[in-house]
Amino acid sequence: MIASARSLFRSITIRTSIKFVAGTEARLPGLLIGSGFAVLCSTLKTTPAMTEPTYLSAAAAAALDAELMSEPGFTLEQLMELAGLAVAEAVYTVVEERRPSPQIKPKILVICGPGNNGGDGLVAARHLVLFGYECVIVYPKRSSKQHFVNLQKQCEDMGIAVLNGMPDDFEDRSGEYAAIVDSIFGFSFHGEPRVPFDSILLRLKKAQDSALVVSVDVPSGWDVDEGDVGGFGFSPQVLISLTAPKGCAKKFKGRHFVGGRFVPPYLEEKYQFRMPKYPGTSQVVELKRVPKYTGWEAEYAAYLAEKATAEQSTPQKTSLVEEESWEAQYAAYLQEKEATEFASYEARNEEL
Ligand SMILES: NC(=O)C1=CN([C@@H]2O[C@H](COP(=O)(O)OP(=O)(O)OC[C@H]3O[C@@H](n4cnc5c(N)ncnc54)[C@H](OP(=O)(O)O)[C@@H]3O)[C@@H](O)[C@H]2O)[C@@H](O)CC1
Ligand SMILES: [K+]
């Protein structure tokens with residue numbers, strides 16, 4: 001048993017050293033060894049690192065949108081389908097993490113505004129139903145454009161109720177929604193929210209403590225470049241920026257995803273922003289806050305960021321080092337210990 005425990009700790013030490021060798025050995029001080037190092041490693045690992053995102057102004061976002069449709073000739077339908085799919089994927093990601101049981105079907109309320117941000121919500125609702133969720137749409141100011149009429153029909157064909165206004169019992173039942181999607185206004189919002197969205201936003205603000213609110217592209221009511229300058233106070237827990245975060249996202253403190261994986265590299269260069277590195281086939285990537293480290297911690301955080309970026313562009317695991325956590329090793333050790341003890345107990349019984 002002692003030998004077994006020794007081999008466990010030797011294996012942990014070896015694995016830790018391998019991590020060390022994987023590019024940091026020259027940069028980390030030698031005294032950071034043993035358990036202290038392991039604790040520091042885990043602290044840094046749970047504070048994911050990433051390079052600072054780049055932001056688009058409202059004007060640049062609108063110009064880029066127009067250029068995508070004129071120059072490479074994307075249709076709005078194409079872009080909206082990908083944007084809405086990205087929204088659905090981000091919603092699915094956060095809802096699944098909190099899902100109490102696979103038997104409980106998550107119910108999502110999608111509130112759609114009059115423009116294309118609202119269209120993203122219609123697309124997202126359809127995909128969420130395809131992912132196995134239940135959706136209800138609130139769509140008070142409906143566009144008469146054929147594309148939007150079609151999107152609405154496609155939702156209804158999936159069994160989604162499309163309401164003209166907020167459910168009367170919204171305040172009492174907001175906690176029943178696994179998420180509320182705010183696809184009311186995007187990068188063309190300006191001024192003060194007008195009827196009926198002013199009161200919808202107030203109701204949403206009151207519900208934000210009891211429900212998970214996910215905003216699409218811009219938290220509705222926020223100035224696109226500056227944030228909540230109107231003192232409106234609406235603060236969703238999750239934001240999914242499309243193409244690239246808008247200026248207001250600098251003020252956003254919650255979980256932040258980016259989606260809209262469709263921009264050709266030359267437009268990225270022209271509009272001076274950086275597309276995030278999307279992992280594998282994913283339509284979204286979650287941005288992690290850049291930890292404010294100094295000295296060796298900053299170097300180690302930079303190393304982790306580099307490594308994460310390399311791994312994201314190469315989805316396959318490149319080493320076995322990360323495969324087995326210390327928890328897994330400890331569980332294996334306990335299992336081995338139990339088996340050894342059971343065998344010696346059996347042997348003793350046989351002797352008697
Ligand atoms: N390339 C990308 O990343 C892609 C982005 N996409 C998505 O498109 C979104 C931008 O869409 P958008 O331009 O249609 O504008 P959006 O913000 O939805 O709203 C405009 C509507 O709101 C209204 N309105 C404005 N202010 C108001 C107020 N104070 N109170 C009341 N109403 C107000 C305004 O009315 P108006 O003022 O013109 O009378 C108009 O009807 C973008 O954020 C992203 O989600 C994808 O779909 C495709 C690819
Ligand atoms: K929004």
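Excluded from the calculations below are hydrogen atoms, water molecules and symmetry mates; all remaining heavy atoms, backbone and side chain alike, are included. We count ligands from 1, going down the list as the structure has it; atoms in each ligand are counted the same way. Everything quoted here is computed from the prediction, not taken from an experiment.
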Quiz item: Between K246 and L242, which heavy-atom pair has the shortest distance, and what is it?
Solution: NZ-O, 2.8 Å

Quiz item: Quick one: do the Y55 and Q272 side chains pair a donor with an acceptor below 3.5 Å?
Solution: no

Practice problem: Just go through L122, D120, V263 and tell me whose heavy atom is the nearest to atom 6 (N) of ligand 1. | Solution: D120

Quiz prompt | With I180, the side-chain contact (heavy atoms from CB on, under 4.5 Å) member among V91, I108, I111 | solution = I111

Quiz prompt | Within-cutoff protein neighbour (heavy atom, under 4.0 Å) for atom 38 (O) of ligand 1 | solution = no

Quiz item: N/O to N/O below 3.5 Å, does that happen between L68 and ligand 1?
Solution: no

Quiz item: Relative to the heavy atoms of T243, which atoms of ligand 1 are at a distance of less than 4.0 Å?
Solution: 1 (N), 2 (C), 3 (O)

Exercise. Verify whether one side chain among Q154 and N150 offers a donor that lies under 3.5 Å from an acceptor in the other.
Key: no

Quiz item: Hey, are the side chains of W222 and F185 touching, using non-hydrogen atoms and a 4.5 Å cut-off?
Solution: no

Quiz item: Which atom, counting only N, O or S, brings D182 closest to the K ion (ligand 2)?
Solution: O

Self-check item: Heavy-atom nearest neighbour of atom 9 (C) of ligand 1 within options L82, N117, L64
Solution: N117

Quiz item: In terms of atom number and element, which parts of ligand 1 are under 4.0 angstrom from non-hydrogen atoms of P114?
Solution: 21 (C), 22 (O), 23 (C), 41 (O)

Self-check item: Exceeds 12 heavy-atom contacts within 6.0 angstrom, atom CZ of R173
Solution: no

Exercise. Pull out every atom of ligand 1 sitting under 4.0 Å from any heavy atom of D217, numbered as shown with elements.
Key: 42 (C), 43 (O), 44 (C), 45 (O)

Quiz item: Knowing that exactly one of V238, V87, V95, L239 qualifies, which makes a side-chain contact (heavy atoms from CB on, under 4.5 Å) with V214?
Solution: V238

Quiz item: Has G186 got an N/O/S atom less than 3.4 Å from the K ion (ligand 2)?
Solution: no

Quiz item: Does the shortest distance from the K ion (ligand 2) to an N/O/S atom of N117 fall below 3.4 Å?
Solution: yes

Quiz item: Does any donor atom in the side chain of H147 or Q152 lie under 3.5 Å from an acceptor atom in the other side chain?
Solution: no

Exercise. Give the numbers and elements of all ligand 1 atoms closer than 4.0 Å to a heavy atom of G186.
Key: 16 (P), 17 (O), 18 (O), 43 (O)

Quiz item: Would you say F262 and ligand 1 have an N/O pair spaced under 3.5 Å apart?
Solution: no

Exercise. Can you sort out which atoms of ligand 1 are near L79, meaning under 4.0 Å from one of its heavy atoms?
Key: 48 (C), 49 (C)

Exercise. For the residue pair F273 and V263, establish whether any side-chain heavy-atom pair is separated by less than 4.5 Å.
Key: yes

Self-check item: Ligand-side contact atoms (ligand 1) for residue partner E192, heavy atom cut-off under 4.0 Å
Solution: 28 (C), 29 (N), 30 (N)

Exercise. Please confirm whether the backbone N or O of A211 pairs with a side-chain atom of Q237, one donor and one acceptor, at under 3.5 Å?
Key: yes

Quiz item: Taking only heavy atoms of P193, which atoms of ligand 1 are found under 4.0 Å from at least one of them?
Solution: 29 (N), 30 (N)

Practice problem: Would you confirm whether any non-hydrogen atom of the protein falls under 4.0 Å from atom 33 (C) of ligand 1? | Solution: yes

Quiz item: Considering residues, nucleotides and ligands other than E97, do more than 12 of their heavy atoms fall under 6.0 Å from its CD?
Solution: yes

Practice problem: Report yes or no: does S220 have an N/O/S atom closer than 3.4 Å to the K ion (ligand 2)? | Solution: yes

Quiz prompt | With the K ion (ligand 2) as the apex, the O/O angle for V216 and V218 - to 10° | solution = 80°

Practice problem: Take atom CG of D168 as the centre, draw a 6.0 Å sphere, and report whether it contains more than 12 heavy atoms from other residues, nucleotides or ligands. | Solution: no

Self-check item: Contact with ligand 1 for G119, non-hydrogen, under 4.0 angstrom
Solution: no

